[in-house]
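Notes to accompany the following structure.
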Amino acid sequence: MICYRASSLKVLRLISCFHIRNEGFVEAISKFPLLEELNLSTCKSIGGRATYEAVGKACRNLKQFVADKDFTTYGKFGHDEAYGIATMHGLRSLKISCGELNNKAMAAILDNCPHLENLVLLFCVNIFVDGAMRAKCAGIKMVVYPDFDNIWQ
């Protein structure tokens, strides 16, 4: 396994890794304490609160996290997963797609990731930016795509 020889790894991008499961991923991620960037795009078998909490615990230097789901095939990013991301306290950049998270779950991330500078939410249509959410997002460059004008009013 590569994780036993790459303890100084700083960037890990797993794209469409269908054969990697949570158990193996959690074991491997614990071997990368210097990881700064993690991209899990369309990895249908990697996810969940416990898995993301393991990332937050093992990778204290993590600055960028991407959790892209493909809504047509792989399900959606859930509320529970947001609470796992909330343990990644050093995040500066976060991208989530196809999320079912709501304002409460998003607030947990914003409250626990104080260094967040960039937030990209793709197809997270259950988040409504009201006055309270605007206040939490002050200072964060937020990108919502597609541009759902009605949620910003």
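Residue L14 holds its CG atom at 8.0 Å from CG of N39, rounded to the nearest 0.5 Å. In this structure, OG on S8 lies 11.0 Å from CG on L35, to the nearest 0.5 angstrom. One finds the NZ atom of K44 at 12.5 Å from the SG atom of C17 (value rounded to the nearest 0.5 Å).
For R13, the side chain to side chain donor-acceptor pair (under 3.5 Å) criterion is met by E37, not counting sequence neighbours. Considering only residues two or more places apart in sequence or on other chains, R21 meets the salt bridge (charged side-chain N to carboxylate O under 4.0 Å, His left out) condition with none of them. For the side chain to side chain donor-acceptor pair (under 3.5 Å) test, residues two or more places apart in sequence or in another chain that qualify with E53 are R49. With sequence neighbours excluded, no residue forms a side chain to side chain donor-acceptor pair (under 3.5 Å) with N102. For T51, the side-chain contact (heavy atoms from CB on, under 4.5 Å) partners are N22, F25, V26, I46, not counting sequence neighbours. Remark: K63 pairs with no residue by the salt bridge (charged side-chain N to carboxylate O under 4.0 Å, His left out) rule, at least two apart or across chains.
For the pair Y52 and M88, the tightest heavy-atom approach, listed with the atom from each and the gap, is O-CE, 3.6 Å. Smallest separation of non-hydrogen atoms from S30 and A58: CA-CB, 3.8 Å.
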Please evaluate residues F128 and M133 with respect to the criterion side chain to side chain contact (heavy atoms under 4.5 Å, CB included), reporting the C-alpha separation (whole Å), side-chain torsions for both, the decisive distance (0.1 Å), and the verdict.
CA-CA 8 Å; F128 297 95; M133 186 60 69; over 6 Å; no

Can I29 and C59 be said to form a side chain to side chain contact (heavy atoms under 4.5 Å, CB included), step by step?
CA-CA 8 Å; I29 206 72; C59 306; 3.7 Å; yes

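A continuous path of ILVMFWY side-chain contacts below 4.5 Å connects I140 to I85, so both sit in one hydrophobic cluster. Grouping the Ile, Leu, Val, Met, Phe, Trp and Tyr side chains by contacts below 4.5 angstrom, directly or via other members, places L91 apart from V66.
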Distance-only criterion, 3.5 Å: show the donor-acceptor pairs between side-chain atoms of residues 104-127 and protein atoms not counting sequence neighbours.
| unit_1 | atom_1 | unit_2 | atom_2 | d |
| --- | --- | --- | --- | --- |
| D111 | OD1 | K136 | NZ | 2.6 |
| D111 | OD2 | K136 | NZ | 3.3 |
| N112 | ND2 | A108 | O | 2.8 |

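A side-chain hydrogen bond (donor to acceptor under 3.5 Å, both in side chains) check over residues 82-93, counting only residues at least two apart or in different chains, returns nothing.
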